[in-house]
J.: 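Quick one: structure below, then a few questions.
Since we're looking at a predicted model, the values are computed, not measured.
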Amino acid sequence: MYQFVKGCIADKTEPARQVRTAAWHHLFSLATTPEQLERVTELFPKWRDARRTFRPATPVNFARRCEELHCPQLALKVFGNHSKYGLDLTLEAARPILHSLHLEHPVQDTITLTALFGVYKLPPVSSDLVCSALLMTACFKHGSEESLAVARAFVPSLQQLLEKTAPATMAMRDEDHGKPADKEKRWLAWTLKKIENALKSEELDFAWLRQWRVASGYAGYTGLE
């Protein structure tokens, strides 16, 4: 499959449709190590040089595979150099990368990714519930004066987001287990718990957060990393 896609890119007479649909996604799924996935990304510049574009689902599938293979820094490298790789960061792609970064990598990597939101003209991090919670958790976890200041600055916007989000719409359902949307809800449940604990330890008001977690059912879930 790798050689097929490589050959199609090299041969500009090859119909682009042959590799526009499922080939990239298939290559992502075939990669079982970060090194193999990185090898796939080496084809991105050739694809861009051939003046071909990626479909909207491609960056999302790539980001999810990076999260699954625990190599979010590869995603950060690719999305951080659009002129070379030509892959557009989307909000849906950013969430799994943020999740993986905030768990296993320095907080600066998480902040670097959120800085790309402006570059790609995405909505602010503060307008997205999952992204906000992941960033805040990373900053509270780091615990430096600077990172804590960032986390505290996001508290009002997080409270506003929760006020606008009906708890029932974010409840987890057994039949959705394993689906991307279910994963995001689990990340949210876990990070909101961490944020509540951080607010409590800093003697800041957390009643509003506890109320939402109870109403959504998140307060009863454990092991949601």
Side-chain angles (χ1 to χ4, degrees), residues 1-2 5 19-45 47-48 52-82 84-107 109-117 119-123 125 127-138 170 172-192 221 223-225:
M1 177 60 74
Y2 180 88
V5 174
V19 286
R20 278 189 182 231
T21 52
W24 285 116
H25 306 166
H26 192 44
L27 281 176
F28 298 155
S29 66
L30 288 175
T32 57
T33 66
E35 292 75 20
Q36 290 176 351
L37 189 58
E38 185 169 18
R39 189 177 176 219
V40 175
T41 68
E42 292 170 358
L43 296 176
F44 290 174
W47 182 255
R48 181 178 176 83
R52 295 174 179 175
T53 58
F54 295 101
R55 293 208 168 175
T58 302
V60 179
N61 280 273
F62 171 66
R64 288 173 180 165
R65 194 59 178 152
C66 285
E67 192 261 337
E68 291 167 353
L69 294 178
H70 304 283
C71 55
Q73 288 178 315
L74 175 60
L76 191 59
K77 181 178 79 170
V78 169
F79 289 115
N81 193 346
H82 187 271
K84 178 178 179 179
Y85 297 100
L87 200 63
D88 292 333
L89 180 68
T90 65
L91 197 58
E92 194 175 4
R95 291 171 185 148
I97 305 170
L98 279 174
H99 173 254
S100 193
L101 285 174
H102 103 283
L103 282 177
E104 304 167 349
H105 297 275
V107 68
D109 289 345
T110 299
I111 293 174
T112 297
L113 182 67
T114 60
L116 293 177
F117 279 44
V119 176
Y120 286 94
K121 295 181 171 55
L122 299 179
V125 177
S127 69
D128 185 80
L129 186 53
V130 174
C131 290
S132 292
L134 289 168
L135 175 60
M136 290 177 68
T137 302
M170 300 301 290
M172 286 177 273
R173 301 183 304 176
D174 291 340
E175 58 267 31
D176 293 334
H177 185 73
K179 296 179 180 179
D182 179 71
K183 283 187 175 182
E184 291 180 3
K185 290 177 181 178
R186 290 174 180 274
W187 299 341
L188 182 62
W190 184 74
T191 51
L192 290 181
Y221 287 94
L224 296 165
E225 294 90 337

J.: Look up atom CG in Leu192 and atom CE in Met170, then write down how far apart they are to the nearest 0.5 Å.
T.: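 That separation rounds to 8.5 Å.
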J.: Using 0.5 Å steps for rounding, measure from the CG atom of Leu98 to the CZ atom of Phe117.
T.: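 The distance works out to 5.5 Å.
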J.: Hey, what do you get for CG (Leu113) to CD (Gln73), rounding to the nearest 0.5 Å?
T.: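 It is 11.5 Å, given to the nearest 0.5 Å.
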J.: So Arg65 and Asn61, do their side chains get closer than 4.5 Å, heavy atoms only?
T.: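 Sidechains of Arg65 and Asn61: no contact.
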J.: Measure across Arg48 and Gly86 and return the closest heavy-atom pair with its distance rounded to 0.1 Å.
T.: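 What the structure gives for the nearest pair is NH1-CA, 3.3 Å.
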J.: Measure the spacing between CZ of Arg173 and NZ of Lys185 and express it to the nearest 0.5 Å.
T.: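 Reported value, rounded in 0.5 Å steps: 6.0 Å.
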J.: Should the pair Phe44 and Phe54 be assigned to parallel (<30°), tilted (30 to 60°) or perpendicular (>60°) ring geometry?
T.: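 Plane angle over 60°, so perpendicular.
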J.: Salt bridge check, Asp182 against Lys179: does any charged N sit closer than 4.0 Å to a carboxylate O?
T.: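 Between Asp182 and Lys179 there is no salt bridge, as every charged N stays at least 4.0 Å from the carboxylate O atoms.
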J.: Working note: Ser100 + His70, criterion side-chain hydrogen bond (donor to acceptor under 3.5 Å, both in side chains); need CA distance, chi angles, decisive distance, verdict.
T.: CA-CA 7 Å; Ser100 193; His70 304 283; 4.9 Å; no
J.: If you take all heavy atoms of Val60 and Thr90, which pair is closest and at what distance?
T.: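 The answer is CG2-OG1, 3.8 Å.
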J.: Less than 6.0 Å separating the ring centroids of Trp190 and His102?
T.: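 Yes: the rings meet the under 6.0 Å criterion.
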J.: Could you tell me whether a side-chain N or O of Arg95 sits under 3.5 Å from a main-chain N or O of Val130, the two making a donor and an acceptor?
T.: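 Checked: no pair found.
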J.: Rounded to the nearest 0.5 Å, how far does CZ of Arg64 lie from NE2 of His25?
T.: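 It is 10.0 Å, given to the nearest 0.5 Å.
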J.: Can you name the nearest heavy-atom pair linking Pro34 to Leu74, along with the distance?
T.: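 In this case the closest contact between Pro34 and Leu74 is O-CD2, 4.2 Å.
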J.: Work out which heavy atom in Leu101 is nearest to a heavy atom in Asp109; give both atom names and the distance.
T.: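 Leu101 and Asp109 have their closest heavy atoms at CD1-O, 3.7 Å.
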J.: Quick one: closest heavy-atom pair of Pro59 and Ala93, and the distance?
T.: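 Heavy atoms of Pro59 and Ala93 come nearest at O-CB, 3.7 Å.
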J.: Roughly how far apart are Leu103 CG and Thr110 OG1, rounded to 0.5 Å?
T.: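 Between Leu103 CG and Thr110 OG1, I get 9.0 Å after rounding to 0.5 Å.
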J.: Please assess Asp174 against His177 for the test side-chain contact (heavy atoms from CB on, under 4.5 Å), listing each intermediate value before the final yes or no.
T.: CA-CA 5 Å; Asp174 291 340; His177 185 73; 5.9 Å; no
J.: Quick one: does Pro96's side chain get under 4.5 Å of Trp187's, heavy atoms only?
T.: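 Heavy-atom side-chain distance check passes, below 4.5 Å.
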J.: Taking only Lys NZ, Arg NE, NH1 and NH2, and the carboxylate oxygens of Asp or Glu, determine whether Arg39 and Glu42 approach each other closer than 4.0 Å.
T.: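 Not counted as a salt bridge, because no side-chain N and carboxylate O are separated by less than 4.0 Å.
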J.: Please name the pair of heavy atoms, one in Val125 and one in Ser132, separated by the smallest distance, quoted to 0.1 Å.
T.: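 Where Val125 meets Ser132 most closely, the heavy atoms are O-OG, 2.7 Å.
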J.: Could you tell me how the ring of Phe79 sits relative to the ring of Tyr120: parallel (under 30°), tilted (30 to 60°) or perpendicular (over 60°)?
T.: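 Phe79 vs Tyr120 ring planes: perpendicular.
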J.: Quick one, His99 and Lys183 - any side-chain contact, counting heavy atoms below 4.5 Å?
T.: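 Answer no - side chains too far apart.
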J.: Taking the side chain as C-beta and beyond, is there a heavy-atom pair between Asp128 and Pro123 under 4.5 Å?
T.: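 Answer no - side chains too far apart.
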J.: Answer yes or no: is there a side-chain heavy-atom contact under 4.5 Å between His26 and Leu30?
T.: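 Heavy-atom side-chain distance check passes, below 4.5 Å.
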J.: Under the side-chain contact (heavy atoms from CB on, under 4.5 Å) criterion, do Val40 and Phe62 qualify, and how do the steps go?
T.: CA-CA 10 Å; Val40 175; Phe62 171 66; over 6 Å; no
J.: Taking the side chain as everything from C-beta on, heavy atoms only, tell me whether Cys71 gets closer than 4.5 Å to Cys66.
T.: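 Cys71 vs Cys66: side chains touch.
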J.: Hey, does Leu43 have a side-chain heavy atom less than 4.5 Å from the side chain of Trp24?
T.: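 Yes. Closest side-chain heavy atoms under 4.5 Å.
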